[in-house]
Amino acid sequence: MTWNKSYSFAQLDCEPYNFILNQSQIAKIILFDQSSLVKTKNEMVFLYKPEGSEFLPVMDLFNYWDQNKNQISDNQCIFSMTIQDPKKQLLFKRVIKILYKIDISIPNAGILAPSHFSFVDIKLDDIKLLPGLVKNRLERRGLLGLVMNEQNILYWIDLEKMAYFFLKDMMR
Amino acid sequence: MNNSELLQTIENKEATGLQNISSVSSEDSLKFVIFSMKEKLYSLPAEMVLEIFLTDNIFYIPFCPLYVSGFINRYGEPYTVIDLLALLENEKQNTRKFIILRRKESQIAFMVEDVIDILSFPKNKILWMSPKESEGGFFSGVIQDPSNDIFILQLDKILQRLENDME
């Protein structure tokens, strides 16, 4: 492996935060359509049913990141991912069952995201790991590393890990 | 390459880059970095301090206790900022002065109001405290200075607190 090799990330601008997501974690990007919203019992987890597709549980994950911040932009899309870990799949199904009395069979989940995103190539050399003492907790919760720029930083997040803790916190 | 593989690759590289850190030797007197917060004076043994760093930019960290203020960017490396006033008195500061600790593996910075001086004090001017005498165990002693008492921070206890809170 060479350190100069670049990997493709999706960069999301959710003012005042900027995130990068490993592109391999994103299955597809769906443009948000209000008419496909099935129910909105809960503002943080809701069900979405695009035409011809199964129910997709969607989380408002970026508002969980900083709960003191106002809602993200109205121009939103949904980043769909496949939940790999069976334990996380199970928790997801349980939450949907409790909230909506619906059984979901698919391991896919969506993340509500702003429409301001682009795909960027980032070298591993440019990614900094989190400092010790805060590293373990933040990694478990899905913050894996940082790209340090002069005036801002990019937070490298793992959607699946963050979604898991988001749901666990919700269930408390 | 998935996230776990990327993370492991970066970790392996950083582990090989860690260097041993030399310490400052002491004699009959001990040298301290003196700083202030809310009109009180505090100190850290000088050998524990790498530098005083100034920056306006502090970046948010989620899922942390109140006294963890964020990250600062020190020459391209992230340092976790502990707001000492928030830890000691539950009151947040908003300053641009940071004491960078000489602990490469944990990359910690203390947010302080002002850095006053770097001074040596004879050992007989220092009153060492037992853990019971120290509020929350965060102080190891007091420098009895004619103008003001200066509390000596117990660094290990502070970092232990952070470690426990981040479990």
Side-chain angles (χ1 to χ4, degrees), chain A residues 1-3 5 7-9 16-18 20-25 61-62 64-69 84-85 122-162 165-166 169, chain B residues 1-18 55-82 92 98 100-101 103-110 155-156 158-167:
Chain A
M1 160 157 338
T2 64
W3 288 94
K5 188 174 175 191
Y7 292 86
S8 185
F9 288 84
Y17 309 116
N18 299 291
I20 53 171
L21 320 172
N22 189 340
Q23 197 181 314
S24 70
Q25 207 171 28
L61 204 55
F62 293 112
Y64 168 66
W65 172 268
D66 181 356
Q67 291 168 42
N68 297 318
K69 194 169 73 65
Q84 308 283 349
D85 181 355
I122 295 177
K123 292 175 190 164
L124 290 194
D125 241 355
D126 293 333
I127 297 177
K128 302 295 176 188
L129 294 181
L130 301 175
L133 299 182
V134 297
K135 186 173 188 286
N136 287 345
R137 178 187 173 95
L138 295 179
E139 268 184 25
R140 279 200 311 270
R141 289 172 174 261
L143 175 57
L144 303 182
L146 304 165
V147 176
M148 310 293 291
N149 295 322
E150 192 78 14
Q151 291 300 325
N152 70 352
I153 58 177
L154 308 180
Y155 298 93
W156 172 25
I157 61 172
D158 183 294
L159 290 178
E160 188 172 328
K161 284 184 178 178
M162 194 179 283
F165 266 91
F166 167 84
D169 281 352
Chain B
M1 191 177 279
N2 65 31
N3 279 337
S4 301
E5 290 164 338
L6 286 177
L7 202 58
Q8 188 61 54
T9 310
I10 300 172
E11 276 174 352
N12 291 343
K13 188 202 174 209
E14 293 211 346
T16 58
L18 283 178
T55 179
D56 288 323
N57 294 326
I58 181 159
F59 303 105
Y60 173 73
I61 307 184
F63 319 127
C64 283
L66 177 81
Y67 60 85
V68 178
S69 291
F71 293 120
I72 53 170
N73 180 353
R74 176 179 175 266
Y75 314 131
E77 292 293 329
Y79 278 68
T80 308
V81 174
I82 295 179
K92 280 188 82 67
F98 303 92
I100 306 288
L101 301 184
R103 298 172 76 97
K104 185 164 173 59
E105 74 282 3
S106 48
Q107 293 181 195
I108 295 281
F110 284 162
L155 186 58
D156 289 346
I158 293 172
L159 299 184
Q160 185 65 53
R161 165 72 181 271
L162 175 61
E163 199 169 352
N164 292 344
D165 287 348
M166 294 301 287
E167 281 296 311

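Please read these numbers as outputs of a predicted model, since none were measured by experiment. Chain identifiers are assigned alphabetically (A, B, ...) following the order of the sequence lines, protein sequences preceding nucleic acid strands; residue numbering begins at 1 within each chain.
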### Message
For A/Y64 and B/F63, take the angle between the two ring planes, folded into 0 to 90°, and tell me which bin it lands in: parallel under 30, tilted 30 to 60, perpendicular over 60.
### Response
tilted
### Task
Against chain A, label B/I58 side chain, backbone, both or neither, depending on which of its atoms sit under 4.5 Å from a heavy atom there.
neither
#### Entry: B/D165 portion near chain A, given a 4.5 angstrom heavy-atom threshold
backbone
### Query
To the nearest 0.5 Å, what is the distance between CD1 (A/I157) and CG (B/N3)?
10.0 Å
### Task
First locate atom OH of B/Y60, then atom OH of A/Y155, and finally report the distance between them rounded to the nearest 0.5 Å.
8.0 Å
### Residue part contacting chain B, namely of A/L144, when any heavy atom lies under 4.5 Å
both
### Query
Who among B/L162, B/L6, B/T80 has the most heavy-atom pairs with chain A under 4.5 Å?
B/L6
### Summary
Note: vs chain B, highest number of non-hydrogen pairs under 4.5 angstrom among A/V134, A/N136, A/D169, A/D158 is A/V134
### Query
Minimum heavy-atom separation for A/R140 to B/M166, with atom names?
NH2-O, 3.9 Å
### Query
For the atom pair OG (B/S4) and NZ (A/K161), what is the distance rounded to the nearest 0.5 Å?
5.5 Å
## Note on the structure
Minimal heavy-atom distance between A/S24 and B/N2, with the atoms involved, is OG-CA, 4.3 Å
Side chains of residues 146-154 of chain A: which donor-acceptor pairs under 3.5 Å do they make with residues two or more places apart or in other chains?
unit_1	atom_1	unit_2	atom_2	d
A/N149	ND2	A/N152	OD1	3.1
A/Q151	OE1	B/N57	ND2	3.3

### Query
Roughly how far, to the nearest 0.5 Å, is the CD atom of B/Q107 from the NZ atom of A/K128?
9.0 Å
### Summary
Looking only at heavy atoms, the pair that brings B/P78 and A/P131 closest together is O-CG, 3.3 Å
### Query
To the nearest 0.5 Å, how far apart are CG in A/D66 and CD1 in B/I61?
12.5 Å
